[in-house]
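First the structure, in the form of structure tokens, and then the observations on it.
What you see below is based on every heavy atom in this structure, not just the backbone, and it leaves out hydrogens, waters and symmetry mates.
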Protein chains: 2
Amino acid sequence: MTKPIRLNEQLCFSIYKAQKQFNHFYAQALAKYKLTYPQYITLLSLYEHGTMSVKEVGQALDLDSGTLTPLMKRMEKDGWISRKRSTVDERRVDVSLTEKAEMMRDDIYEHVGSCMTLLNLPEESYVAIKESVDRVDGNLSAIPDESLN
Amino acid sequence: MTKPIRLNEQLCFSIYKAQKQFNHFYAQALAKYKLTYPQYITLLSLYEHGTMSVKEVGQALDLDSGTLTPLMKRMEKDGWISRKRSTVDERRVDVSLTEKAEMMRDDIYEHVGSCMTLLNLPEESYVAIKESVDRVDGNLSAIPDESLN
DNA sequence: GTCGAGATTATTGTACACGATTGAATGGAG
DNA sequence: CTCCATTCAATCGTGTACAATAATCTCGAC
């Protein structure tokens with residue numbers, strides 16, 4: 001007598017769908033800049049920390065080089081960032097913002113900020129939900145892979 | 001004086017990361033069945049509703065045929081489902097479960113169920129968080145694309 | 001000074017995800 | 001009965017994701 005698993009009662013499915021909605025939301029909001037969501041968070045990270053190596057961006061975003069290298073090549077082609085091998089340590093590739101990125105900074109902050117108000121969630125709810133999701137994330141990452149065999 | 005956007009305070013980023021953690025969690029939990037997460041939810045949907053058209057699966061999972069067609073071809077090759085054109089309406093392709101899928105059903109329910117206990121979230125929290133995430137999803141989907149230009 | 005273990009980035013292969021387009025099939029409106 | 005707008009699956013192009021592997025580099029042991 002095994003209990004069936006109903007899709008619409010699964011937290012993973014809710015998060016899966018919410019992530020896609022956010023993706024769509026940002027696709028619209030960022031269309032005028034021709035940025036995708038992963039490109040946008042890469043940009044945010046650089047705005048926040050300044051020039052970083054690919055490795056450091058990967059740690060900030062929880063993405064590996066297999067994702068970041070092609071993504072950053074596209075961002076370089078679109079004039080958002082420049083990439084060059086560090087002269088100090090030639091294994092590293094330093095990623096820095098272009099003039100264009102610096103110039104667009106406030107515009108992007110402001111536009112995205114105003115779009116976010118349309119989400120229509122009171123500040124306390126927003127923070128509370130975020131903390132809940134972070135807890136789920138934390139609990140998940142604490143599970144050793146071997147225990148799932 | 002534009003307020004900077006801090007990545008680690010963004011709900012979208014928390015959900016983005018949690019989704020990836022769930023993906024990793026299910027990649028481990030489903031490895032013995034050689035199923036990915038999207039394949040697993042396709043299977044769940046068929047367990048729940050029986051034979052469905054591609055369109056109906058797409059509505060249940062919020063995915064389009066561009067994603068589902070290749071995914072289902074892989075699932076067919078791996079012996080989970082069979083696909084055939086409806087004789088009633090030849091635009092439709094009916095997707096049904098194989099013997100193998102029916103036989104594995106309880107095994108999968110049980111194994112995934114036991115993995116879920118490792119998430120270590122009390123039932124009330126689980127439900128409350130899920131409802132919060134669903135609300136965010138609902139609010140997002142209510143935003144008209146044009147208002148984000 | 002050279003060598004090799006370990007670290008770091010790039011590349012490759014597989015699998016989503018989705019917008020846009022295509023082409024076959026359907027079912028009304030007239 | 002015949003157009004023709006609509007529906008549906010498949011296809012194509014672009015862009016993530018990530019595991020696995022390859023290529024490159026650093027630094028400490030000697």
Next on the checklist: Between C1' on D:dC8 and CD on B:Glu56, what's the gap in Å once rounded to a whole number?
Outcome noted: 12 Å
Checklist outcome for this item: Atom NZ of A:Lys55 and atom C1' of D:dT26 are separated, to the nearest Å, by 14 Å
Checklist entry - Distance-only, no hydrogens or angles: does the B:Asp145 side chain make a donor-acceptor pair with backbone N or O of B:Leu148 under 3.5 Å? => result no
Checklist entry - So does B:Lys73 get a side-chain nitrogen or oxygen closer than 4.0 Å to the phosphate oxygens (OP1/OP2) of D:dT11? => result yes
Next on the checklist: Measure CG/B:Asp89 against C1'/D:dT6 and give the value in whole Å, please.
Outcome noted: 12 Å
Next on the checklist: Can you measure A:Leu35 atom CG to D:dT14 atom P for me and round it to whole angstrom units?
Outcome noted: 18 Å
Next on the checklist: Looking at A:Glu99, I'd like to know if its CD atom is crowded, meaning that more than 12 non-hydrogen atoms belonging to other residues, nucleotides or ligands lie closer than 6.0 Å.
Outcome noted: no
Checklist entry - How are the rings of A:Tyr37 and A:Tyr40 set relative to one another: parallel (under 30°), tilted (30 to 60°) or perpendicular (over 60°)? => result tilted
Checklist entry - What is the distance, rounded to the nearest whole Å, between atom CG of A:Leu30 and atom P of D:dG15? => result 14 Å
Item to check | Value in whole Å for how far the C1' atom of D:dT16 lies from CE of A:Met72 | outcome: 14 Å
Checklist entry - B:His111 and B:Tyr33: which non-hydrogen atoms are nearest, and at how many Å? => result CB-OH, 3.3 Å
Next on the checklist: Any base atoms under 4.0 Å from B:Val88, or only sugar-phosphate, or nothing? Heavy atoms, all strands.
Outcome noted: sugar-phosphate
Checklist entry - Of the nucleotides C:dT9, D:dA9, D:dA10, which one has an atom closest to the side chain of B:Arg92? => result D:dA9
Checklist entry - A:Lys34 NZ to D:dG15 P: how many Å, rounded? => result 11 Å
Next on the checklist: Using a 3.5 Å distance criterion without hydrogens, assess whether the side chain of A:Asn149 forms a donor-acceptor pair with backbone atoms of A:Glu146.
Outcome noted: yes
Checklist outcome for this item: Given protein heavy atoms under 4.0 Å, the one-letter contact record of nucleotides 13-24 of chain C, with B base, S sugar-phosphate only and - none, is simply --SSBBB-----
Checklist entry - Expressed in angstrom and rounded to an integer, what is the separation of B:Lys84 atom NZ from D:dA9 atom P? => result 15 Å
Item to check | Whether B:Asp89 side chain and B:Arg91 backbone form a donor-acceptor pair below 3.5 Å | outcome: yes
Checklist entry - According to a strict under-4.0 Å criterion, is B:Arg83 in side-chain N/O contact with OP1 or OP2 of D:dA10? => result yes
Could you list the donor-acceptor pairs under 3.5 angstrom formed between side-chain atoms of residues 47-56 of chain B and any protein atom two or more places apart in sequence or on another chain?
unit_1, atom_1, unit_2, atom_2, d
B:Tyr47, OH, B:Ala101, O, 2.6
B:Glu48, OE1, A:Leu7, N, 3.3
B:His49, ND1, B:Ser45, O, 3.1
B:Ser53, OG, B:Glu56, N, 3.1
B:Glu56, OE1, B:Ser53, N, 2.9

